Amino acid sequence: MTTLFIDDKEITVEPGTSILEACRRHGIEVPYFCYHPELSVAANCRMCLVEVEGWNKPAASCCTPVSEGMKVRTRTEALKKDREMIMEYLLIHHPLDCPVCDQGGDCKLQDYAVEYGPSKGRYSEPKRAVINYDLGPFVNTCMTRCIHCTRCVRFANEIAGTGDIGVLNRGDHMTIAGIVEEALESELSGNLPDICPVGALLDKPSHDLARPWELSHHSSTCIQCPNGCDIQIESRGEQVMRIRPVEGSPEPFICDRGRYVYDSFRSPARILEPQIRQGDGFGSATWEEAFARTVELLKDKRVGILFSPYWSLEGLMSIRLMRDAVFPDAKVAFDLHRRDMRPFAFEEGFSMTTEQIESADQVVVLGCDLRQRLPLLMLRLRKRSRQGRPVTRIGAMNYRTNMSLSNDALIRPRDWHAVIARAMEQVQQLGKTAAGMDEWMASVDGRHEAGKLLADALMADTCALIVGEEIRSHEDAASLIYGLDLLMRACGHAEEGRDGRNLVPEAMNAQMLSAVFGDVRASAGELFALAQAGELDALVLVGSDPVGDGLFPSAAKAALERVPLVQVGAIEGEISRYAEVKLPAAAYVEIEGTFLNMEGRVRTANKPVKSLGEERPLWKVMMRLAMEMGSEPPVVSLEELREALYAAMPEVRDACNSVECDACLIRVGRNRDARALPRKTAEAFPLDVVSRYSMYREGMWARASELLSEAGRIHALDDVLVHPDTLAELGLKPGPLVVESFLGRHTFDIGVRDDVSPGVIYIAKRGVAGDLSDVTSARLVGCGGDS
Amino acid sequence: MIPSDPKQVTQICFDRIRIPDQRRLEVARANGAYSFLPTVLNEFNSEQIIEEVKKSGLRGRGGAGFPTGLKWSFVPRNTGKPTYLLCNADEGEPGTFKDRDIMRYDPHLLIEGMIMAGYALGVRDAYIYIRGEFVAEARVLNEAIAEAYAANLLGENILGSGYSMHLTVHRGAGAYICGEETALIESLEGKPGRPRFKPPFPAVEGFYRCPTVVNNVETLSTIPAILKHGGDWHAAIGAPNSAGCKIFSVSGHVNRPGNYEVPMGTPLKTLIEDYCGGLKRGTVPKAIIPGGSSAPWLTSEHYELPLTFDDLVKAGSMLGSGAIIVMDETADVIKIARRLSHFYAHESCGQCTPCREGTGWLERLMIRLEAGKARASDIEVLRDAAEHMAGRTICALADGAAAPVLSMLKHFPEEVRARVVEKAA
Ligand SMILES: Cc1cc2nc3c(=O)[nH]c(=O)nc-3n(C[C@H](O)[C@H](O)[C@H](O)COP(=O)(O)O)c2cc1C
Ligand code: SF4
Ligand code: SF4
Ligand code: FES
């Protein structure tokens, strides 16, 4: 440790800390613009000057490391003058348009001008004008306000990994500019306005709509992906104006999906009052009327329950309580991406924190579009690769990552067994094995070379395995995950404290879902099949949109043609057109509640925004439903509900009661007896089908958001893609082709891209080919005459 | 031939510069080039060489005057990374034109110095970053390098010594700032030339974040003589703390402008009167810029000053690159300061607030001042704006930009006031 004196105060910090960081950590204010704790140091604004005893000129504190016994002064007459001059230089060309600038009231330049600036600038020469540029739908530019701190450039390079923003020209002609005149190729672009210390980059959707001091602040948890970032919601009256990350929380940034989804909170798709089907449309109803219709539909019926994993833990617990009280035989499904319902050797959720993954010796990503699924984890991988640490990826598609991977292999989903078996062979040769491995390998015929990359990475001291949806949604997922579990155990990555097994879950709350619903869960596909086969009389849907999302849209539609649907939820989806009754439940930002993210961190939402209509917290709707159905409501207050939750998951109570809530991690389920051996069934068709998740299009909230839909249009890939070799082998050309699968023959425009694995048809789930999501294999044939 | 008696030495880098065709290897060799190289490569080790260079008292000739041996000794060994040697041949400092003569008339001197330096530092790849406008010089250098490769003076296993070094010439694109060593490194890496903040210093993290030594052409060209004659020999030349000879590029109102290499400590007046044929007009100069345009100005009271690092600092200026710009009584100091302000405003890389905004501000104020359109209150503004640039930025360009304006205000307040008053009347 290094001890130094700042303004005569003795301070001890880690060696190598900058003076500025030392000041920040000890509450000593030193003004700065260009420094940002998450970015590399640029040291260009020169606002952070301090004096160091014995030095003949002031030092920039952000780039000067502390040294033993150093004596630093942060407030002297000379520094006062220096800061005054820096402010005067900065304001030379800065427009004096604070009254019309959104940043006004929340602006470093404005604040410092008041605190450190001269009372009047003396510059009386011509001012510079700077051209604005287009950064896409989320970022507004007003470049005359730019102070050239290059935070945005460093953010684009280092965090977003796009390099889309750069510095042009020199001297006072220097300008910050988008390198290409188009939207930022980044899912993190909404952070730029936060990063910019002035009003040069502003939030476009909320531009010119509100002043900072008019906004009230709410805190909540983002449920748009399993990362569950803390969010601050800023609203004016009932209007949500924007969502921002929370300072000091585990993630200093949030992704565009979580940030811009807010326009859906007030979209026409919200279910704000009870509704009952009337012919082709819906009519408003009272709660009494709506429940009466519900009881009619469900009383004494065989019911299947489908729900979204995105409710709060309390909401989910109330679903379980309601089910047990009213439909004790009902199967429930909440995962729209799981085909294989056998228990997994390691359940959904992460054994490691994202910080641990960032610093692990090796990271292997298997079959996952991390940038779309977990953009904040992708950010950490980018960070680790900047530090020279490796990332290996194996999967069906070279998903765009905005970073360079150290190892990369394209495979077809049907190759996974051979990949794992190849890895097993290699680790066994090095003397590492686990009971059951021989048997597992013996039931796989081929070996795939991509397994070498996996085995190589497993040799490291710490290895984070991130298993994605290509495996989780595999028809033989349980055996693949068991195979990976064997590998991890053989290589010492399954032991307490070194557990590297991470299965990317469907959504939030995975640990709770497998703990509380493990005994009654079914696949969504199974529920639809039962309904279609006449073995169910009705479906109850609590959130979720299996017609718009997931892997069973065709099955869902077929089922709903046969059985009635009761929908409880905050927002409509494509499924709503099948509903008989809609019961409004409060949205995630409108409740107080507890959530679990993929790492098992407990997140609490405690300052909700106001509800708009008649919606009630989900647990109240569930309890009312139980009552209406003639049961005694299992709980009558939030406290009782929480007691029930804590009884099922005592760790959650401990975490909630802990002062260090962030540090308490709820553990992921393990199924020691999940010994699934590879199935030996041949695929029905020669090509594998993989469906693509898009953060801008997945989920009812995102689809109801115009902002995200716009981004989805900008960032969209072709709907159906194959590798050029796949077509060449079949003697086909890109263009309209027939995809033949168990669903029949469909014609699509097929594009080619060499970052799809040969042998794979890659489809955008939300595009025109969305219905193909049900399919795992298919054949391509030419259209009509020209084949 | 350079005398082995230090007292008789009058020049080092320019010793063979007037020999016709010295740029050709054959001629250079006939005159002693590379004659001592085998001894160095076969009999000296790295520590010895660095020790000799330290003893020699050689200080960088690029502008900062940093002790060369000390700089070399900062390079960490056994880092597992390569060490690079970069020769700074950007020669952008206004008034400076000395490196150019070494490169075009005696390129083998520089190459020999680089091989020796490279050997001492364990360098495999060395680069000469040459000012973009030096088209002919780059060609001469490349021809000389090709000859040296052909004679196994460069490349693998130089002269059978087991030491290998490759040398590449890289042409700049015209930015003054790329002469600043860390901007030079950025530029050589293919990025815009913007200086890096220090620490880390290039010796530890330089070219591609590997240990790197950047030395000026003249500095490196002095190495062969130092190794041949010994550090003590060099230390005995010149003045205390300013060992050796120095090339001064003299320009302005003198009768014979040009490059003159003289032992350090030679009085300024001697240089101008004995070597440069005296002033064009008058007996004492009105103003002198002694170390390139970035150096603060001196006036007639300093005319007899010995040209050493310390004496110039004591007089409030610096030796810099050794470019001496002489102004006689006809000089319009305001116009000159304005012109230099334009240079720095044009050349600022733009990253530091005081330099980016200050250089433009100074220029605009100076334009008004020169045109007689400045108010009296502008003088204070000018001083404030210039004073708070210097010493507060990433690199020293801002100091250089402030120097002419501050010098003008310091030494010629009446002229400035007169210009302001002129118009106001
Ligand atoms: C703005 C600026 C421009 C510079 N230009 C040059 C140059 O053209 N040539 C040079 O040798 N050094 C130049 N320098 C000095 C270099 O940064 C560095 O100190 C020098 O190359 C080191 O070599 P030396 O130790 O041999 O002098 C410049 C410095 C600054 C601040
Ligand atoms: S746009 Fe904003 S963040 Fe970017 S350099 Fe300018 S002031 Fe800094
Ligand atoms: S002082 Fe000027 S030239 Fe040097 S780094 Fe800063 S802005 Fe660039
Ligand atoms: S914060 Fe140190 S220079 Fe900008």
Side-chain angles (χ1 to χ4, degrees), chain A residues 16 18 33-34 40-50 55-60 62-65 67 78-79 81-94 109 118 121-128 146-150 153 166-176 388, chain B residues 174-178 183 191-200 209 342-368 373-375 377-378 380-399 401:
Chain A
S18 68
F33 291 107
C34 69
S40 66
V41 175
N44 57 32
C45 74
R46 314 313 280 182
M47 190 64 189
C48 68
L49 295 176
V50 295
W55 293 20
N56 60 1
K57 42 190 187 181
C62 66
C63 65
T64 308
S67 60
L79 286 173
K81 179 69 186 172
D82 274 324
R83 289 171 186 155
E84 212 171 285
M85 283 307 300
I86 300 280
M87 288 309 301
E88 195 169 353
Y89 292 128
L90 282 174
L91 293 171
I92 281 182
H93 292 295
H94 192 85
L109 192 66
R122 294 168 294 175
Y123 182 81
S124 51
E125 324 301 320
K127 285 211 179 204
R128 163 178 69 212
C146 171
I147 58 163
H148 309 92
C149 68
T150 71
V153 178
V167 177
L168 299 181
N169 306 320
R170 302 186 304 179
D172 62 2
H173 299 288
M174 171 181 175
T175 47
I176 302 292
Chain B
Y176 166 60
I177 194 61
C178 290
K191 303 188 209 142
R194 287 189 208 106
R196 298 175 181 169
F197 59 82
K198 286 136 272 201
R209 301 275 160 199
H342 171 69
F343 173 79
Y344 290 103
H346 183 66
E347 297 295 346
S348 163
C349 84
Q351 47 176 344
C352 308
T353 303
C355 178
R356 175 184 64 245
E357 307 297 351
T359 51
W361 192 6
L362 291 190
E363 186 192 2
R364 280 170 223 127
L365 280 166
M366 286 304 302
I367 290 173
R368 275 206 289 128
K373 290 182 184 158
R375 291 175 296 269
S377 60
D378 286 329
E380 237 6 76
V381 179
L382 197 54
R383 187 190 316 277
D384 250 4
E387 262 175 6
H388 290 86
M389 290 165 61
R392 285 149 177 91
T393 50
I394 292 177
C395 85
L397 184 139
D399 301 63

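Lettering follows sequence order; numbering is per chain, from 1. Here the structure is a predicted model, which means the values were calculated and not measured. When reading the values below, keep in mind they use all heavy atoms of this one structure, side chains included, and skip hydrogens, waters and symmetry mates.
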Side chain, backbone, both or neither: which part of [X] has an atom under 4.5 Å from a heavy atom of chain B?
X       : answer
A:Ala42 : backbone
A:Leu49 : side chain
A:Ala60 : neither
A:Ile86 : both

Please name the pair of heavy atoms, one in [X] and one in [Y], separated by the smallest distance, quoted to 0.1 Å.
X        : Y        : value
A:Ala43  : B:Phe197 : CB-CD2, 3.7 Å
A:Ser124 : B:Arg375 : OG-NH2, 3.5 Å
A:Pro65  : B:Pro199 : CD-CG, 3.9 Å
B:Arg356 : A:Gly171 : CG-O, 3.2 Å

Do you know which of [options] has the most heavy-atom pairs under 4.5 Å to chain B?
options                      : result
A:Met174, A:His173, A:Met47  : A:Met174
A:Cys149, A:Cys63, A:Ala59   : A:Cys63
A:Val167, A:Asn169, A:Ile147 : A:Val167

Using non-hydrogen atoms and a 4.5 Å limit, figure out which bit of [X] sits close to chain A: side chain, backbone, both or neither.
X        : value
B:Ala390 : neither
B:Glu347 : both
B:Arg194 : side chain

At what distance, to the nearest 0.5 angstrom, does [atom1] of [X] lie from [atom2] of [Y]?
X        : Y        : atom1 : atom2 : result
B:His388 : A:Lys81  : NE2   : NZ    : 5.5 Å
A:His148 : B:Cys352 : NE2   : SG    : 13.0 Å
B:Glu357 : A:Met85  : CD    : CE    : 11.5 Å
A:Asp82  : B:Glu387 : CG    : CD    : 10.5 Å
B:Asp384 : A:Glu88  : CG    : CD    : 7.0 Å
B:Glu363 : A:Glu125 : CD    : CD    : 10.5 Å

Quick check against the 3.5 Å criterion: does A:Tyr89 have a side-chain atom that pairs as donor or acceptor with the backbone of B:Ala385? yes
Just by distance, do the side chain of A:Arg46 and the backbone of B:Arg392 share a donor-acceptor pair under 3.5 Å?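 Side chain of A:Arg46 to backbone of B:Arg392: a pair is present.
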Who are the side chain to side chain donor-acceptor pair (under 3.5 Å) partners of B:His346, not counting sequence neighbours?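 Not a single residue meets the side chain to side chain donor-acceptor pair (under 3.5 Å) criterion with B:His346.
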May I ask you to decide whether A:Lys57 forms a salt bridge with B:Asp399, counting only side-chain N to carboxylate O separations under 4.0 Å? no
